[in-house]
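Here's the structure, in structure tokens; my notes come after.
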Amino acid sequence: MSSNQSFKNQHEEAYASLMKGLKELDLQGPYVPSDLVLIGDHAFPVAMNSRGQVLMAASLYGSGRIVVLGHEGYLTAFPALVENAVTWLRGDGSDNLSVRVHRKVSAVADNLQKPSFQVEVVGAFSDRLGVGVYVTDAYSVGSDPVELVAFLKAGGGVLIAGQAWHWAATHPKENTLHQFDGNKVAGVAGIYFTERYGEAENLPVYPQIPSSWKSLATGRDFKDDLGFLLQGVSEFNLPSEYLCSEVLVHSPLAFPIGTTEDGRPFLAGAYYGRGRVLVVTHERCLEVESMAPFWRNAIHWLDEGRRGVVGVMVDPALKVLSESGLKCEKTNFRKDLSVFVCTAYITEHLEEIQNFVAEGGGLLIGGHAWYWAQTHAGQNPLTDFSGNKILNQMGLSLLGETIRAGTYKAFVPSWPIKDTYHFRHLLHRFAAHVTTGVELSKHEEGCLKKLGNDCDAYLRTKAHGCFYYTQVLAALTDMLKRSGLPQVSDSCPAKTPKDHLLLSLGSPVYEFCLNPEALLPYLIKDRPLMPDVYNHRLKIDVTTADGEEWISTGLYLSPCMSTYMVMPTEIINKEWKIQIGCQTDDLHDKDELKRPPRVHERFPVTSEMMHVSNLWGGLIYLVAPPNTQVKGLEIIVQKAVTVPYYKSGATTAAEWLTLRTAPGPWTELEFENIVLTVPSHVVRGLEHPEEVAALWDEIMRAIADLAAKSHKFPHKERFVTDVQISAGWMHSGYPIMAHHASAAEVVDVKKGKQLWGPIHELGHNQQRSCWEFRPHTTECTCNLWSVYVNEEVLGINRAQAHGDLTLAKRKSRVEEYIKGGRKLSDWSMWVALETYLQLQEKFGWDAFKKVFAAYHHMRDFPDDNDTKMNLYAETFSQTVGMNLTGFFKAWGWPIKTATERKLSQLPYWNDHPMTQYR
């Protein structure tokens, strides 16, 4: 069981103890309570009204426990509740019967005069009295209750009651969250008295912790905080050399400070306990001089007037932060600091740093998670990245998504929250829209796509023990049940922001909700295929190179279907994964959806018995890590659906005639160097897959020949079709992705039949940055493979292989380029391809093979296009034994004098095709 799940169970048990024997809480008396705000992993509501306001709550801190009541009058109005609270606060199995009651609430003592308590009324708290539980109102804890907080942390119990709305009215310039006496104790444990009135009702006592989507709202408007932080700040400059992460702002007391135009935060703050935290999503931003005015404000906001020592762990930031006027010194974490400045990569003192902030310290943390996410494939940055182990509880989480460099305007602090994006505020509004029909503004509708992304990310924090996490999950589950999931397809796409959001929620809510089976009828309308194989055994031999590789199983899981897989001990906790689904493109950025945005799932192989499923179903794969060699692995799949699966050298012609009718909706044709994944209807009539295999083997060998590589690819290329993909008609990668319309084309390939697009994408996968001149050649040099394969394998002349390669069009493009002044800004795609075709038509394909081979033996390549283009001109010239500098200069290449000198001994190519345009 996870620690978060154990917290949840612990909280439910605590709630049951606190409510023992109670049927209702009639709050309709003379008392006007405060609305309480809860944050962190440990606070949970005990009483919540119909507006979602929390009027009583409990929490854990350190080894201790606390119960908070929203009005001191409740201490005498509900004696049975108070008795339950004191019993729970004493702790399980504790024999300390001592209860100390502050004299301001001495009436509580009279109600507790029982053998199970040793009650004494006192004038103030003192740990020297051997207290087990301390009962007080929220006004009598003292201005600096360090001793009481230490008592709580060490295992003591605190019952505190009061309201803050009267205090706030008489202290209009004070910060209620931190300056109200009761919050100096309760706030440490994540419960705050607020200035808002709580609406008193007669509340039933629910069997579980009360919950409502209405409690999702933010806990503060943050205008004062933004006003302080942004004084003298009009914009934020993120330098081009730094790539920031996006930060998810999800606590009721967290808020964005700096965002992109579309509301993606790179700078945010939060209240946590008695302290504050501020995160910037690249540590080098802390040393940017243009941001110095903001950092001055930030350090003072975190210091809160203590004028203490600012401990800086990030060396380059010292100079800028020292301009704040506060004492800054280079140091690792110390408890005596006022503010601690560190990176998000810190791996020590994580819990101590959380406690430091909870007990009143300030934390400034800088760093990104995108690089960690890229270099820790299969791990969850939300839970495994060290910075998030500190920040998640504080309501801030660094994401793997990036923020581009640029200058971004600062908020106008007086903006109402409805005009900006805040995850919790918009989620509250959307829940009201779905539940009660509240109309959303155009601005809010425009933010729903981002809200879907943020909900997905937030659920992946897996904070099941946190009250607000369970609130969000319950609200999302309820919304899906009320609205149902849009049933989208090619002919019925989802076009509205609401449908986009609901589709984004399907997978994560199904994955993380407590009762996925009850949710299924609202998500999948057509019940899926039934399994047709049981306890299916697979034998697998694997050899991988530098990249990971998908291993096909020939099996499929239907939507909603789960199975167990028995894994060999050799691959457990060795970076192997199970993947369900071949369509790995993420479509969250698309305005129109023909399928849900994410339809594949991955599971790290961490045990011998793996339980896997995917809401949307999908082909089952093993994903082998790089540089792995294993033989004779046996995997057992408990149940699955078979698919038409042909593998060269393994599947016989007779077997295929049976296999092609297998019920699974996807087919895999695995050849020597490529795997084609297409809808099964495309192959139902395919009688001779060995003929398709033979031609694809020839195509792939030709691709290797032109690239001057071994015929055996380091890993088999993959070509997968989908109803919708992330970019273009097709795109390169592993796998190459294409639309369904291309499926028949790749299966029905034959000599004399043109095949351009798939080879174009395979050419992309052969491109190398050392001889690429981006952006000019990105869509150009990949076409060398299209021309080569069509001519050399399929027997199609280049003029017939593509409509843009007729002689007339080629000539016209060159003339237009010359007329335009031979500018490299115009030298791209078909124009650039003409340069290479002219070289090929003079020197043949062997010249290209030799040039590519030469690059295989080079090291330390230049980064800039000018130098790279000179290296290419030199390499091609030396390969063909002819000085080509005049030819390249005629195309507008920036050929340097040094290159011309180096090649001056070679004979010049004087009659090249561009001489006619002098």
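Note that the structure is predicted; figures quoted are calculated from it, not measured. In this chain, numbering begins with 1 at the start of the sequence shown.
Taking the six-membered ring for Trp and the full ring otherwise, F467 and H11 have centroids separated by 6.0 Å or more. The aromatic ring centroids of F356 and F340 lie 6.0 Å or more from each other.
The shortest heavy-atom contact between N297 and Q231 is ND2-O, 2.9 Å. For Y74 against L55, the heavy-atom pair with the smallest separation is CE1-O, 4.5 Å. Of all the heavy atoms in T435 and W213, the pair that sits closest is CG2-NE1, 3.5 Å. Here the shortest heavy-atom pairing between G182 and V141 reads N-CG2, 4.2 Å.
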task: Please assess F255 against L226 for the test side chain to side chain contact (heavy atoms under 4.5 Å, CB included), listing each intermediate value before the final yes or no.
output: CA-CA 9 Å; F255 58 101; L226 287 169; 4.0 Å; yes
query: Given the rule in the side-chain hydrogen bond (donor to acceptor under 3.5 Å, both in side chains) test, do N392 and S397 qualify, once you have shown the distances and angles that lead to the verdict?
result: CA-CA 5 Å; N392 283 349; S397 299; 2.6 Å; yes
message: If you apply the rule ring-ring contact (aromatic ring centres under 6.0 Å, His included), what do you find for Y271 with H178, and how did you get there?
response: CA-CA 9 Å; Y271 287 78; H178 277 182; 5.0 Å; yes
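Partner of Y468 under the side-chain contact (heavy atoms from CB on, under 4.5 Å) criterion, out of D41, L473, L38: L38 alone.
Aromatic ring orientation, F180 versus F193: perpendicular (interplanar angle above 60°, classes split at 30° and 60°). Relative ring orientation between Y134 and H102 is described as perpendicular, the plane-to-plane angle rising above 60° on a 0-90° scale split at 30° and 60°. Taking the six-membered ring where tryptophan is involved, the planes of H422 and F222 are essentially parallel, since the angle between them stays under 30° and well short of 60°.
Looking at D478 and K481, no side-chain N of the basic residue comes within less than 4.0 Å of a carboxylate O on the acidic one, giving no salt bridge. A salt bridge does not link R274 with E359: none of the charged nitrogens is closer than 4.0 Å to a carboxylate oxygen. Salt bridge E445/R429: absent, no basic N to carboxylate O contact under 4.0 Å. Looking at R307 and D303, no side-chain N of the basic residue comes within less than 4.0 Å of a carboxylate O on the acidic one, giving no salt bridge. Ionic pairing of E201 and R51 is not present here: no N-O contact between side-chain nitrogen and carboxylate oxygen is shorter than 4.0 angstrom.
Heavy-atom contacts from other residues, nucleotides or ligands closer than 6.0 Å to CD of E351 number 12 or fewer. Under a cut-off of 6.0 angstrom, the local environment of NE2 in H171 is crowded, with over 12 non-hydrogen atoms contributed by other residues, nucleotides or ligands. Around OH of Y206, the count of heavy atoms belonging to other residues, nucleotides or ligands within 6.0 Å does not exceed 12. Counting heavy atoms of neighbouring residues, nucleotides and ligands inside a 6.0 Å radius, atom CD of E352 exceeds 12 of them.
In this structure, S483 contributes its side chain and L480 its backbone to no donor-acceptor pair below 3.5 Å. Judged purely by atom type and a 3.5 angstrom limit, R65 has no side-chain atom pairing as donor or acceptor with the backbone of L152. Using a distance-only test at 3.5 Å, with no hydrogens or angles considered, no donor-acceptor pair links the side chain of Q354 to the main chain of L391.
Side chains of S98 and R100: a donor-acceptor N/O pair is present below 3.5 angstrom, by distance only. Counted by atom type alone, R306 and S338 present one or more donor-acceptor pairs between their side chains at under 3.5 Å. Using modelled atom types, one finds no donor on one side chain facing an acceptor on the other under 3.5 Å when comparing E72 with Y31. Looking only at atom types and distance, the side chain of Q208 has no donor-acceptor partner in the side chain of Y15 under 3.5 Å away. Checking T87 against N84 by side-chain atom types alone, no donor-acceptor pair falls below 3.5 Å.
Side chains of E511 and R460 form a contact here, defined as non-hydrogen atoms less than 4.5 Å apart.
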